[in-house]
2 protein chains.
Amino acid sequence: MNDDLVIFPKATISRLPLYFRALSDYHHVGMQFVSSEEMAAKVGITSSQLRKDLSYFGGLGIRGTGYDVSYLLAKIKDVLGMNHPRRLAIIGAGKLGTALAGYKGFPQHGLEVKALFDIDETKIGWQFGEIAIYHISALKKLKNELKLDIATIAVPADAAQQVTEVVVEAGFKAIWNFAPVRLKVPEDVYVRYEDLVVGVLMLSHHLTRTSR
Amino acid sequence: MNDDLVIFPKATISRLPLYFRALSDYHHVGMQFVSSEEMAAKVGITSSQLRKDLSYFGGLGIRGTGYDVSYLLAKIKDVLGMNHPRRLAIIGAGKLGTALAGYKGFPQHGLEVKALFDIDETKIGWQFGEIAIYHISALKKLKNELKLDIATIAVPADAAQQVTEVVVEAGFKAIWNFAPVRLKVPEDVYVRYEDLVVGVLMLSHHLTRTSR
DNA sequence: ATATACTTGTGAAAAATATCACAAGGATGA
DNA sequence: TCATCCTTGTGATATTTTTCACAAGTATAT
């Protein structure tokens, strides 16, 4: 509520999950304080970059001692919106969708997959542990019932825009898109593009550069 | 062989896959030329950024006309090392590993998943279409036999470093790591970190910033 | 031919990000 | 208390990336 108007650089935000995990580990083994040097080594960046990132929070380290693990953890959680849980809908109950639904890493980051959606009638009703597969026509209703925040698009490229329209219609303001296409959405809907192929092709590029 | 010593900025490389896909679409419908304006709109960036990116290739557009779709496609393939196919090993035949193994998008990018590896004896021998699951102890042998280029690490975080050692020992120089930990590797091994949680937490952050 | 419309390529400027380097705060021990 | 050792926070600088703006090349129509 009183929360500062500090704008975090995007690059910083993208590293906060790394810090979060490192701190979780430290917390787990009962460490109270950690220096920027030590933590930076753990996550694989320079200590000055870590300090610069944390400086946007506004001086929460203690000179000569380091950072209070629990305190910093809480601050990062706050900024990443991990305090009240985020509820995910996954559209597309194929290989990728179901793999995401079962991903063990989500809960420890305050993320809950609450429902899968598909158009394939033969899949409807299937249950993955707690998570059921619904027909996509039920999206709007279930968004409200289950208080879904984020729509994950895990359908083939040629169905993505169509699905997006349903998602927008249902009232989602945040979309996590795995389909390799640009989505047309209203101004107030935020889309995050996840492109698996980019990573591996950057590796491939690297191999061509080094191996001859 | 004679290939220029041009260094492509990392940011540019990361966009080449987008261009590749857009161009593939154009090619598919028989378009011969495309302007930076049109293509930029399709991939969701500015035309000047696209032109700047393509300028590193060294002037392959035609003023007043645009870029030759087939020619540009070939150039991009070349830079991304998509000419001779990249062969992937996937270590970890869990949800993520098998989802990756079945990912339809790989072949059209010159990527071939050739083998899955696991330690779980009960999984060994299983066959996913063309792709079999082997015991990880066979990694080195199969790397040579199947000419594997890239090792994909899709195991739990606490097994990742151990698996990495086996991968390095087997002679891989490129690692695509999905485990949320920093890997210790020799200088000449290139690691690309893929962190799914980053994307969704950035969405989560965005939601906290806008919704109050 | 010439005028007009279109589009690239690229220097220059701006913005974002990362690194440096060190003053100053705090801990520790004699 | 004082000297010494650590570690943060941050201005200043360097690097990377993006955007701007326009000269110059090409096509097209008359």
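Each chain gets a letter, A, B and so on, in the order its sequence line appears, and its residues count up from 1.
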Under a 3.5 Å threshold, yes or no: a donor from one side chain and an acceptor from the other, between B:D53 and B:Y19?
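Side-chain D/A pair, B:D53 to B:Y19: present.
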
Tell me every residue that passes side-chain contact (heavy atoms from CB on, under 4.5 Å) with B:T164, counting only those two or more places apart in sequence or in another chain.
B:I153, B:Q161, B:V168, B:I175, B:L183, B:V185

Just to verify, what does B:K95 make a side-chain contact (heavy atoms from CB on, under 4.5 Å) with, not counting sequence neighbours?
A:A99

Set out, in order, the CA-CA distance, both residues' side-chain angles and the distance that settles salt bridge (Lys or Arg N to Asp or Glu O under 4.0 Å) for B:E112 and B:R86, then state yes or no.
CA-CA 6 Å; B:E112 297 174 6; B:R86 296 297 178 196; over 6 Å; no

Measure the distance from [atom1] on [X] to [atom2] on [N] and round it to the nearest whole Å.
X     : N      : atom1 : atom2 : answer
B:Y56 : C:dT10 : OH    : P     : 11 Å
B:Q49 : D:dC20 : CD    : P     : 11 Å
A:I7  : C:dA15 : CD1   : P     : 16 Å
B:L54 : D:dT19 : CG    : C1'   : 16 Å
B:D53 : D:dT17 : CG    : P     : 10 Å
B:K10 : C:dT17 : NZ    : P     : 15 Å
B:F33 : D:dA27 : CZ    : P     : 9 Å
B:L50 : C:dT8  : CG    : C1'   : 11 Å

Describe the nucleic acid contact of B:L60 in one word from base, sugar-phosphate, nothing, applying a heavy-atom distance below 4.0 Å.
sugar-phosphate

Base contacts versus sugar-phosphate-only contacts with protein, heavy atoms under 4.0 Å: please encode nucleotides 20-30 of chain C as B, S and - from 5' to 3'.
BB--BBSS---

Can a side chain N or O of A:Y67 be found less than 4.0 Å away from OP1 or OP2 on D:dG9?
yes

Would you indicate, yes or no, if C:dT8 has its OP1 or OP2 atom less than 4.0 angstrom from a side-chain nitrogen or oxygen of B:S36?
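For C:dT8, OP1/OP2 do have a side-chain N/O of B:S36 under 4.0 Å.
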
I'd like to know if B:K173 and B:D149 make a salt bridge, using a cut-off of under 4.0 Å between side-chain N and carboxylate O.
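Salt bridge: no.
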
Give the minimum heavy-atom separation between A:Q108 and A:G105, together with the two atoms involved.
CG-O, 3.1 Å

Smallest heavy-atom separation, A:T152 atom then A:F178 atom, equals CG2-CE1, 3.7 Å

